[in-house]
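Note sheet for the following structure.
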Amino acid sequence: MRSEIADADRIVVKVGSSSLTTPDGGALDLDRVRALADALSGLHNSGRRVVLVTSGAIAAALVPLGLRRRPRDLETQQAAAAVGQGLLIRHYTEAFAEHGVQVAQLLLTVDDVLRPTTYRNALDTMSRLFRLGVVPIINENDTVATHEIRFGDNDRLAALVAHLVRADALFLFSDVEGLYTGHPSEPDSTLIPHVADVSTLQADTSRVGSRVGTGGMATKVEAAQIACRGGIPVVLTHADNLIPALGGEDAGTLFSPIGKRRPRRLLWLAHAAETRGSLHVDAGARRALLSTHASLLAAGVVRVEGVFDEGEPVDIVGPDDEAFARGFVGYGSQELNQMLGHHGDEGLTLRPVVHRDQFINL
């Protein structure tokens with residue numbers, strides 16, 4: 001598996017704020033930025049397709065704005081991101097240009113990939129950049145994101161981007177060597193070199209994020225789950241292991257894929273969507289959706305919660321009040337409430353409430 005990853009044609013690399021900043025004050029470390037650009041430019045110039053998912057916009061603004069630490073309130077975070085994003089991409093542009101590589105900046109929010117038009121635009125833009133020989137550099141759009149619509153950390157964003165571009169491997173570089181059996185500070189805690197099935201993982205993920213970052217070990221394991229369940233292997237390791245990890249050496253923790261590739265937009269729906277409401281279904285409908293992958297019809301819906309329009313994401317909830325699937329609904333909530341319990345043989349020609357190609361099991 002390591003050798004296959006080393007030969008991967010299309011890779012996504014995520015680097016956290018703590019891996020791009022100085023340990024003393026959290027300012028952007030230009031030597032680290034250049035080292036990252038050197039390594040990724042080498043892959044790009046060898047014919048590989050590389051996507052960089054980077055944190056660091058807010059951290060890049062700490063010193064220019066005279067801030068001692070990452071701000072906690074949303075308004076200051078957004079202001080710092082607005083200042084820092086320009087600084088960050090400027091340094092990346094200059095570092096990659098030393099190797100004759102052009103880069104492009106993409107700023108995303110969850111909303112961008114839930115709307116059909118903007119989702120397709122993001123995918124088309126990435127595909128065009130690949131054909132033009134440009135390295136996409138992606139970050140969450142902190143300047144406009146709110147607590148309700150943001151990804152929350154770039155680990156999960158990187159895993160979803162890996163699905164978006166059909167990556168062959170995902171690399172998560174951070175300030176830890178990999179996943180440990182316990183908290184890394186404990187003397188008996190040991191590094192886990194390989195996780196065959198992340199869904200059965202039992203390990204301590206209580207390590208919190210760094211002073212300048214937002215993610216922790218739990219978010220990295222979640223990102224590994226998202227990628228692995230869609231057929232993408234993941235390597236998690238320290239940013240100092242950048243070169244050996246990309247070269248297929250035994251650095252950090254390798255998560256093996258446990259599932260087949262799934263439709264891009266449905267994976268975004270499962271792992272990124274903020275649903276607009278919920279559809280409560282009866283036991284028969286739940287059984288049909290889970291066992292036969294049937295469409296959800298109005299006859300199986302017993303209650304509608306929330307206010308939503310046609311095409312928006314909703315949770316599908318069983319009789320136990322547990323959400324077991326998500327889907328893009330075929331009707332608005334007002335119209336759907338008027339249809340509850342109707343069957344097609346009652347003189348109504350009803351399209352599915354959620355088409356079988358528009359939902360995904362959780």
Side-chain angles (χ1 to χ4, degrees), residues 2 5-8 10-64 70 84-106 133-139 153-155 157-158 161-162 167 169-178 191 209-215 220 223 234-254:
R2 293 276 189 173
I5 291 177
D7 295 332
R10 188 172 299 195
I11 66 172
V12 172
V13 173
K14 183 268 177 179
V15 179
S17 296
S18 59
S19 302
L20 296 172
T21 52
T22 58
D24 50 355
L28 199 63
D29 189 331
L30 298 185
D31 288 336
R32 290 176 179 244
V33 171
R34 282 191 288 268
L36 177 62
D38 291 348
L40 299 189
S41 294
L43 294 176
H44 173 83
N45 288 332
S46 69
R48 317 272 281 283
R49 291 184 169 178
V50 180
V51 178
L52 172 60
V53 178
T54 180
S55 301
I58 294 177
L62 295 185
V63 172
R70 179 187 175 91
Q85 188 62 45
L87 298 173
L88 182 64
I89 196 64
R90 184 192 77 187
H91 292 306
Y92 274 130
T93 300
E94 293 172 350
F96 277 91
E98 293 180 3
H99 303 276
V101 178
Q102 284 190 316
V103 299
Q105 175 180 258
L106 285 82
V134 178
V135 173
I137 298 180
I138 298 175
N139 197 355
D153 62 84
N154 275 340
D155 296 309
L157 174 58
V161 167
L170 168 64
F171 293 86
L172 301 175
F173 293 107
S174 184
D175 56 355
V176 292
E177 291 296 327
L191 179 71
S210 68
R211 186 172 59 85
V212 295
T214 59
K220 291 167 179 55
V234 179
V235 174
L236 166 64
T237 189
H238 198 286
D240 291 345
N241 298 327
L242 180 73
I243 299 300
L246 292 173
E249 297 182 26
D250 290 334
T253 302
L254 168 66

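Positions are given from 1, in the same order as the sequence printed here. This structure is a prediction, so every number in the text was calculated from the model and none was measured.
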Nearest non-hydrogen partners of Ser17 and Gly56, listed with the distance: OG-N, 3.2 Å
So if I apply the side-chain contact (heavy atoms from CB on, under 4.5 Å) rule between Ser174 and each of Lys14, His238, Lys220, which one comes out positive? Lys220
For Asp29, side chain to side chain contact (heavy atoms under 4.5 Å, CB included) partners two or more places apart: Thr22, Asp31, Arg32
I'd like to know if the side chain of His44 reaches the main chain of Gly133, judged simply by a donor and an acceptor atom lying under 3.5 Å from each other, with no hydrogens or angles considered. yes
To the nearest 0.5 Å, atom CG of Leu28 lies from atom CG of Leu20 at 6.5 Å
Donor-acceptor contact present, side-chain Ser19 to main-chain Val15, <3.5 Å: no
Within this structure, what is the CD-OG1 distance for the pair Gln102 and Thr93, rounded to the nearest 0.5 Å? 9.5 Å
Side chains of Leu52 and Leu36, heavy atoms from C-beta outward: is any pair under 4.5 Å? yes
Going by heavy atoms in the side chains, are Leu170 and Val161 under 4.5 Å from each other? no
Please report the interatomic distance CD(Glu249) to CD1(Ile5), rounded to the nearest 0.5 Å. 13.0 Å
If the plane angle is over 60° it's perpendicular, under 30° parallel, otherwise tilted; pick one for Phe173 and Phe171. parallel
Distance, nearest 0.5 Å, that separates CG of Leu87 from CD of Gln85: 9.5 Å
Smallest separation among heavy atoms of Leu88 and Ala57, with atom names: CD2-N, 3.7 Å
Decide yes or no for Ile11 and Val51: does some side-chain heavy atom of the first lie under 4.5 Å from some side-chain heavy atom of the second? no
Separation of Leu242 CG from Thr237 OG1 (nearest 0.5 Å): 9.5 Å
Name the one of Ile137, Leu43, Asn45 that satisfies side-chain contact (heavy atoms from CB on, under 4.5 Å) with Val50? Leu43
Examine the side chains of His99 and Asp38 and answer whether a donor and an acceptor come within less than 3.5 Å of each other. yes
Shortest non-hydrogen contact between Leu106 and Pro136, atoms and distance: CD1-CB, 4.1 Å
Here the pair of heavy atoms bringing Ala39 nearest to Ile243 is CB-CD1, 3.5 Å
Quick check: are there more than 12 heavy atoms from other residues, nucleotides or ligands sitting under 6.0 Å from CD of Glu94? yes
List the steps and the verdict of side chain to side chain contact (heavy atoms under 4.5 Å, CB included) for Leu246 and Val235. CA-CA 9 Å; Leu246 292 173; Val235 174; over 6 Å; no
Looking at Asn139, Asp155, Thr21, Asn154, which hits side chain to side chain donor-acceptor pair (under 3.5 Å) with Ser55? Asn154
Could you pull out all residues at least two apart from Glu177 that satisfy side chain to side chain donor-acceptor pair (under 3.5 Å)? Asn241
